[in-house]
Number of protein chains: 2
Amino acid sequence: MDKQLRMTHQREVILSELGKCHTHPTADELYERVKKKLPRISLATVYRNLEILSEAGLIRKLEVSGRQKRFDWDLRQHDHIYCVRCHRVDNIDLEGKKQLSLPAHESRGYKVSGCRIEFFGLCPGCRKIQQKTRKGEEKMGCKTCGTGLSDKQREVLEALAKCKDACGSKDIAAATSLEPKQVSCQITALKKKGYVASPARCKYEITSEGKAALS
Amino acid sequence: MDKQLRMTHQREVILSELGKCHTHPTADELYERVKKKLPRISLATVYRNLEILSEAGLIRKLEVSGRQKRFDWDLRQHDHIYCVRCHRVDNIDLEGKKQLSLPAHESRGYKVSGCRIEFFGLCPGCRKIQQKTRKGEEKMGCKTCGTGLSDKQREVLEALAKCKDACGSKDIAAATSLEPKQVSCQITALKKKGYVASPARCKYEITSEGKAALS
DNA sequence: TGTTGACATAATAATAGTTACCATGTACTT
DNA sequence: AAGTACATGGTAACTATTATTATGTCAACA
């Protein structure tokens, strides 16, 4: 019942690229690297083979923070440290402290097969960025949102750009095809993105970021 | 700049249901429970509020193994144990061993903000199941595949069901609208799901699981 | 005291990451 | 040499999550 594992060219390249990375790459990071050697390879092949190779014990699939799975060529026992900002993952070695073990009366009936230790914080690169951005709001711009503009948002922002002074949402509603309620809804979203500021209650104006976003 | 958090009825229910759960539920598990109290609540509201409540520090968002995020009402420092089979998460308390700290020369330049310790293994329930299923293959049936049948798979399986004895893929191809190559492809998938067995090389027959899957 | 805008919600579309499907290609087995 | 098993590329489908938007609710100011 032992499986035969065919070592295809694709698998060789995936393995060797993973071996060259010391960064615990995600499947699509590895795909980008492998594509340089095998331009016609499919993303599905990379996913499939990472799964197969890790089941065969040739590589290790990591369970680390963040939404993407990561893979490691280094099979030795070691732990990781995770950057909460850029999601980078590095190795750490806990030397003496080695393996934690769980006292039997604390295992809650589980058959324990291992333990995972993960430190987290800011990596050196992100520490620097954090210090620079420390004044005022953070505006780190993660996630998928951040810069995009929907059609309605663009319409409101363009109307705001034409106003010389700060104006209320009724003025905007008049200048666009939108109703006042819809305008206020869009303005809320635009403020969140930093494209609109409110110098006084119920008065809005476009920010320099907002102008930049329009072009 | 401090946020005001409006305690709506939806939020109250989400909080109280999370408090009643001692199972570190995922967003959709919690959604199912909350829906019994508030049938008209939206899944998005649950997601949004779990995010907001955890940012406000009223609950904790956990980073544990598995693909779904989990939430915890218990804010005290504690660690977790994870079942690799059913993905259940329980609490553990490491007593004296408490907080691991990372020696400065090992932190690789990171500004460390915390540490996560997670044991994993089989929970009591899954240990029993594992023992029963130990003979032969495992057939644990995780993932999304497992039981579903595509149109072509169903066609092949139905043809196999009509055969009294084991037959080759050519016989199946003749009995269906499919070509021999396609049949062999489908049979491979069906074997993986446990719906087809191969009593002899190149001979296939439907299993009892296969018959059950057809009905 | 009625507006106005901040904050919430339900419904749904969109997104990211991953896996399934399947036609086709390649390599073992006998 | 035939026939099967295994692998691949391309793409559809899926899961979990987040964004969008019309609408609803509430608190505070004019």
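Naming convention: chains lettered A, B, ... in sequence-line order (proteins, then strands); numbering from 1 in each chain.
Among the atoms of the strands shown, only primed sugar atoms or phosphate atoms (P, OP1, OP2) are found under 4.0 Å from some heavy atom of B:N49. Note on A:R48: a base of the nucleic acid sits closer than 4.0 angstrom, heavy atoms only. Within the 4.0 angstrom heavy-atom criterion, base atoms lie near A:T45.
Nearest-nucleotide assignment on DNA chain D puts the 5′-proximal partner with A:L43, out of A:L43 and B:K61. Summary of the strand contacts: A:L38 and B:Q68 both lie near DNA chain D, and taking for each the nucleotide with the nearest heavy atom, the more 5' one is attributed to A:L38.
Put simply, CD on A:E63 is 14 Å from C1' on C:dT18, counting in whole angstrom units. When rounded to the nearest whole Å, the span between CZ of B:R40 and P of C:dT9 equals 14 Å. Atom CG in A:L30 sits roughly 15 Å away from atom C1' in C:dT18 (whole-Å rounding). Distance B:F71 CZ to D:dA16 P: 13 Å, rounded to the nearest Å. Atom C1' of nucleotide C:dT15 and atom CZ of B:R67 are separated by 15 Å, given to the nearest angstrom. Residue B:E29 contributes atom CD, which lies 10 Å from atom P of D:dA16 at whole-angstrom precision. Whole-Å rounding puts the A:I41 CD1 to D:dA7 P distance at 14 Å.
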Trace of the side-chain hydrogen bond (donor to acceptor under 3.5 Å, both in side chains) decision for A:H78 with A:D72: CA-CA 11 Å; A:H78 64 279; A:D72 198 342; 2.9 Å; yes
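Side-chain contact check for A:S65 versus B:R116: some heavy-atom pair is nearer than 4.5 Å.
Side-chain atoms of B:T8 stay outside donor-acceptor range of the base of C:dA8, with no qualifying N/O pair under 3.5 Å.
Counting heavy-atom neighbours within 6.0 Å of A:K36 NZ, excluding the residue itself, gives a total of 12 or less.
With respect to B:Y82, the side chain to side chain donor-acceptor pair (under 3.5 Å) criterion is satisfied by exactly one of B:R70, B:H24, B:H87, B:E118: B:H87.
Closest to the side chain of A:Q10, out of D:dG9, C:dA8, D:dT18, is D:dG9.
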